[in-house]
Amino acid sequence: MIKLTVNGTMYERAVEPRMLLADFLRHELGLTGTHVGCEQGVCGACTVILNGDSVRSCLCFAVQVDGGRIETVESLGTVDNLDPLQAAFQEHHALQCGFCTPGMLMTGVDLLRKYPLATDQEIREGLSGNLCRCTGYENVVKAIRSAVEAGYGD
Amino acid sequence: MKPPAFEYLAPVSLEAAVAALSNEDAKVLAGGQSLVPMMNFRLLAPSLLVDISRIPDLAYITEDGDGLRIGAMTRHHAVEMSDVVRQRFPVLHAAMAHVAHLAIRNRGTIGGSLCHGDPAAEWPGLVLLLNAQLKTTKRTIPAGDFYHGALATDLADDEILIEIQFPGLAPGTGWGFEEMARRSGDFALAAVAATICLSDDRATEVRIVVIGAHATPLRLTAAEGLLTDHVSIGAAADAAMQEISPDSDLHASADYRRHLVGVLTKRALAAAWKRAA
Ligand SMILES: Cc1cc2nc3c(=O)[nH]c(=O)nc-3n(C[C@H](O)[C@H](O)[C@H](O)COP(=O)(O)OP(=O)(O)OC[C@H]3O[C@@H](n4cnc5c(N)ncnc54)[C@H](O)[C@@H]3O)c2cc1C
Ligand code: FES
Ligand code: FES
């Protein structure tokens, strides 16, 4: 039996040790915003925030996070009421197919909360573990830059 | 793919963890950033994972005289952000930026990286460069004796790495760390780390370590000797190229790696010389 808080709601579930956190979120809790691309830590689509730090939910077993606090992309906004970072992504056309976007957003949230991101180079370094096949990254960097300027996470 | 089934234990003491490791095919689980991908690929199928993250007091960075002691469960990112690491071992701070990506550095641990022993990983080279001692549940192992080969360490199946001890550097030691990877955060094609002590503008003590060019990190003793014999950095870099026998793989040919090690050695030594006082 594990107990964990996901987006502010406490869940208690019996899980097999081999269940990845990504699959727990998607299949047990129905939170399919977290995407699974590679299951080897390379693509970043599955990135969520665990106890305040961005992590790969494909490289973590649900049993390991017993007692933990998780934030997924569903913790941001809704279609009618976008979070300012989501709005910045829309505004700057920072997504096309959207597969990488949940991971980009959650990585972006972690970066915006913790680091000054004074230069675009810092944003690029921070996003280096998130692959996108569509946008060419330029607009993702612009969206995060605009969120920095708007004081996101301050 | 999905990992094969296994049993899971999260003991809260080292004694209980060691006892659990006496089970056949049991493995330590630290940050999981190397182990879980291997299980997802079904390259490994341990019967039992012993999660050591709930054992108290395995994650710390403590000053010890001029040196540092770092707990095996300390995450890469904690080392990257530590002020005392930045002051005393700036080479460790600089190298951390090359270890994978932020989300992986948030989970992955020093102990896990050392025990995994990837030939292109930074930590195994750094402990050799800095002459560290690796303290386990059984003994203390000098960094130079820790590896038998790629992904192969001197640890017994029921032995847990608990602490890495870095002796203080001589005042004024200069350092350099140069890495080439295909993309930021990828494993190194090759990297060279160096420290230099100077006296009257002459190198008195030099250590040069290369990673990614051999099954284990390698000290380039011939190149080190040339520098202390007052030969040029260029000559030391040429010697470095002759001292290694890299493999060709998907990512780079042996010739390219050898060339790269020459260039990186030159840069690392020049940076270390400049920083030495
Ligand atoms: C996409 C990606 C890119 C990466 N890039 C890099 C990179 O550029 N450079 C780099 O260095 N690493 C890189 N890594 C690996 C990462 O640094 C891992 O954190 C590290 O190799 C393993 O640490 P861990 O704590 O996650 O260990 P785990 O995966 O939990 O364990 C690794 C191995 O060590 C054993 N082990 C762990 N801790 C102990 C202990 N205290 N005592 C005894 N045995 C122990 C385990 O049983 C296992 O065999 C990358 C990983 C990924 C997924
Ligand atoms: S699915 Fe986790 S990093 Fe690709
Ligand atoms: S928007 Fe398609 S992968 Fe990034």
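These figures come from a predicted structure and were not determined experimentally. Every chain is numbered from 1, with letters handed out A, B, ... down the list of sequences.
- Heavy-atom distances place the side chain of A/L111, and not its backbone, under 4.5 Å from chain B.
- When the candidates A/E39, A/R124, A/Q40 are compared by the number of heavy-atom contacts under 4.5 Å with chain B, A/E39 comes out ahead.
- Heavy atoms of B/S184 lying under 4.5 Å from chain A belong to its backbone as well as its side chain.
- The salt bridge (Lys or Arg N to Asp or Glu O under 4.0 Å) check on B/D249 picks up B/R257, with sequence neighbours excluded.
- With a 4.5 angstrom heavy-atom cutoff, B/M38 does not touch chain A via any of its atoms.
- If you tally non-hydrogen atom pairs under 4.5 Å between each of B/R75, B/M1, B/R183 and chain A, the highest count goes to B/M1.
- For the atom pair CG (A/L20) and CE (B/M39), the distance works out to 9.0 Å, reported to the nearest 0.5 Å.
- In terms of heavy-atom pairs under 4.5 Å with chain A, the best-connected choice from B/G185, B/A97, B/P4, B/A100 is B/P4.
- Only the side chain of B/R54 has a heavy atom closer than 4.5 Å to any heavy atom of chain A.
- Heavy-atom pairs under 4.5 Å with chain A were tallied for B/I104, B/L102, B/D51, B/V36; the largest tally goes to B/V36.
- For A/L127, no part lies near chain B; criterion is any non-hydrogen pair under 4.5 Å.
- The number of heavy-atom neighbours closer than 6.0 Å to NZ of A/K114, taken from other residues, nucleotides and ligands shown, is above 12.
- Scanning both residues, A/C58 and B/N40, for their nearest heavy atoms gives O-ND2, 3.3 Å.
- Nearest heavy-atom pair, B/A30 versus A/Q64, reported as atom, atom and distance to 0.1 Å: O-NE2, 4.0 Å.
- In this structure, A/D23 pairs ionically with B/K2, as a charged nitrogen and a carboxylate oxygen lie closer than 4.0 Å.
- Within a 6.0 Å sphere centred on CD of A/E12, other residues, nucleotides and ligands contribute more than 12 heavy atoms.
- Taking chain A as the reference chain and counting heavy-atom pairs below 4.5 Å, the highest number among B/L29, B/L49, B/D186 is found for B/L29.
- Sorted by first and then second residue, the pairs that involve residues 28-84 of chain A and meet ring pair (Phe, Tyr, Trp, His ring centres under 6.0 Å), not counting sequence neighbours, are A/H35-A/F99, A/F61-B/F6.
- The number of heavy atoms from other shown groups lying within 6.0 Å of CZ (A/R133) does not exceed 12.
- The distance from the CD atom of B/Q33 to the CZ atom of A/R56 is 8.0 Å, given to the nearest 0.5 Å.
- Counting heavy atoms of neighbouring residues, nucleotides and ligands inside a 6.0 Å radius, atom OH of A/Y11 exceeds 12 of them.
- Heavy-atom contacts from other residues, nucleotides or ligands closer than 6.0 Å to CD of B/E7 number 12 or fewer.
- Enclosure of atom CG in B/D157 is not indicated, since only 12 or fewer non-hydrogen atoms of other residues, nucleotides or ligands lie within 6.0 angstrom.
- The two residues B/H77 and A/Y115 make their nearest non-hydrogen contact at NE2-OH, 2.6 Å.
- Proximity to chain A involves both the backbone and the side chain of B/A5, based on heavy atoms less than 4.5 angstrom apart.
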